[in-house]
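We count ligands from 1, going down the list as the structure has it; atoms in each ligand are counted the same way.
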Amino acid sequence: MEIIIRPTSESAAMLTARLIADALRKKPGITLGLATGRTMEKLYAMLGEMHKNEGLDFSLCKTFNLDEYVGLKPTDPNSYRSYMNKHLFSHVNIDIRNTHLPNGYAGDLAFECAEYEKEIVECGGIDIQLLGIGRSGHIGFNEPLSSLASRTRAKALSPTTFAQNSPLFENPNDMPKFALTMGVGTILEAKRILMLVTGEEKAEILAKSVEGPVTAMVSGSALQLHPHCTVIVDEDAGKFLTEKPYYRWIFDNEPEWDAYRTL
Ligand code: GLP
């Protein structure tokens, strides 16, 4: 795992956007794993700008989102399908048929989840998985106690997640109590993982995830098991990290990061 600390949420998002753009230029048919949440809005806006101003080409790219609420139609304004259309897909030249989210409105949710896993495999697996983290420590919607070997499935949302996400609904009580989510095991199969974490309210859970013990109580801690995971944070989110000088030293000295230090 590498931890990169940037001065602001803006520069953390820009570095993440640049990594994705560079990977897309290198492999135009890349399969991206995508995340939702407020943290990602800035990053998606940056990718939209790169498409507009630099001709960043999404036409061959395939995407799989981490999760979706159970019981919301894809057209519901609060669905993650709507979120993705609004924040990314409508701003770039992606072929909408190449974009995948689990369908939380499917009649047979177990079948839907098994098909989702199959489609990921048929696309050759996920090249880069983008992640945020919830205050409960979840990646995707893998709430505390999610097995570190779990696959895509329906999951009950925790009170912490309800408190975090329900204000986004016009009537907070309309937030579904369940979601379909890639499992921790599914996420760990991505070839590369980029996690973006910003803001002081994530500082404690971030430190637990990257410096604490690996535990099903904090699914973000499972990232310690991944061979190529880069965690990009701003100073606020990095507040409680204990080995900051070491992380900064690596970022300042590894040739891999030469092109990214000034972002
Ligand atoms: C949501 C999503 C996660 C996301 C997290 C953080 O509930 N399921 O994939 O990373 O919560 O959201 P935010 O960026 O709004 O803090």
Side-chain angles (χ1 to χ4, degrees), residues 8-10 12-13 16-17 20 32-47 63-72 76 78-84 86-88 100-104 113 116 126 128-144 146 150 152-169 172 174-184 186-188 190 193-210 218-223 229-234 236-239:
T8 62
S9 60
E10 190 83 10
T16 313
I20 293 172
L32 295 174
L34 298 178
T36 49
R38 282 158 281 210
T39 313
M40 299 300 151
E41 291 176 12
K42 214 174 276 177
L43 161 74
Y44 291 147
M46 288 168 176
L47 289 175
T63 67
F64 285 88
N65 266 78
L66 285 165
D67 46 20
E68 180 59 282
Y69 289 113
V70 166
L72 297 190
D76 188 294
N78 283 116
S79 74
Y80 280 167
R81 165 55 80 180
S82 296
Y83 171 104
M84 290 310 302
K86 179 174 168 196
H87 292 288
L88 183 65
H100 307 266
L101 284 95
N103 179 5
C113 292
Y116 201 65
I126 289 170
I128 295 185
Q129 176 66 57
L130 181 63
L131 294 177
I133 194 163
R135 273 178 235 165
S136 68
H138 69 212
I139 47 176
F141 267 133
N142 290 286
E143 299 288 38
S146 287
S150 52
T152 304
R153 69 212 184 290
K155 193 76 199 151
L157 300 174
S158 68
T160 308
T161 298
F162 199 80
Q164 188 188 331
N165 289 6
S166 61
L168 299 173
F169 287 71
D174 287 345
M175 181 178 146
K177 308 283 184 298
F178 293 85
L180 302 186
T181 179
M182 280 187 202
V184 179
T186 320
I187 293 169
L188 290 179
I193 291 179
L194 299 178
M195 181 155 85
L196 174 63
V197 186
T198 58
E200 205 177 338
E201 70 278 8
K202 301 284 178 67
E204 202 180 321
I205 199 67
L206 172 78
K208 276 189 187 165
S209 297
V210 299
V218 180
S219 67
S221 69
L223 299 176
C229 176
T230 305
V231 180
I232 302 131
V233 309
D234 64 358
D236 288 344
K239 194 172 154 194

Nearest non-hydrogen protein atom to atom 3 (C) of ligand 1, with distance, is Gly140 O, 3.6 Å

Closest to atom 4 (C) of ligand 1 by heavy-atom distance, out of Thr36, Leu66, Asn65, is Thr36

Residue pair Arg153 / Asn142, side-chain donor-acceptor N/O under 3.5 Å
yes

Atom 16 (O) of ligand 1: closest protein heavy atom, distance to 0.1 Å, is Lys202 NZ, 2.6 Å

Counting heavy atoms under 4.0 Å, the part of Tyr69 that contacts ligand 1 is neither

Residues passing the salt bridge (charged side-chain N to carboxylate O under 4.0 Å, His left out) test with Lys239, sequence neighbours excluded, are Glu200

| Is there a donor in the side chain of Thr63 and an acceptor in the side chain of His100, or the other way round, less than 3.5 Å apart? | no

If we number the atoms of ligand 1 from 1 as shown, the ones under 4.0 Å from a heavy atom of Tyr80 are 1 (C), 2 (C), 7 (O), 8 (N)

If you scan protein heavy atoms around atom 14 (O) of ligand 1, the nearest is Thr39 OG1, 2.4 Å

At under 4.0 Å between heavy atoms, what of Asn165 touches ligand 1? The answer is side chain

Ligand 1 atoms nearer than 4.0 angstrom to some heavy atom of Gly132 are 10 (O)

So for Asp67 against ligand 1, with non-hydrogen atoms under 4.0 Å, the contacting part is side chain

heavy-atom search around atom 6 (C) of ligand 1 in the protein gives Ile133 O, 3.4 Å

for atom 15 (O) of ligand 1, nearest protein heavy atom and its distance come out as Arg38 N, 2.8 Å

Ignoring hydrogens and angles, state whether a donor on the side chain of Tyr116 or Asn65 is under 3.5 Å from an acceptor on the partner side chain. no

In ligand 1, the atoms that come under 4.0 Å of a heavy atom of Gly37 are 12 (O), 13 (P), 14 (O), 15 (O)

Smallest heavy-atom separation, Tyr80 atom then Glu68 atom, equals N-OE1, 2.8 Å

Which of Met40, His138, Met195 passes side-chain contact (heavy atoms from CB on, under 4.5 Å) with Leu131? Answer is Met195

(message) I'd like to check whether Met40 has a polar contact with ligand 1, where a contact means an N/O of the residue lying under 3.5 Å from an N/O of the ligand.
(response) no

Exercise. Tell me yes or no: between the side chains of Glu143 and Ser219, is some donor less than 3.5 Å from an acceptor?
Key: no

When every non-hydrogen atom of Asn78 is compared with those of Leu168, the smallest separation belongs to ND2-O, 3.2 Å

| request: Could you tell me whether Phe169 and Tyr69 have their ring centroids closer than 6.0 angstrom? | output: yes

The answer for which part of Arg135 has a heavy atom under 4.0 Å from ligand 1 is neither

Polar atom proximity, Gln164 to ligand 1 (N or O, under 3.5 Å):
yes

Is there a donor in the side chain of Lys42 and an acceptor in the side chain of Ser9, or the other way round, less than 3.5 Å apart? yes

Under 4.0 Å between heavy atoms, the region of His138 that gets near ligand 1 turns out to be side chain

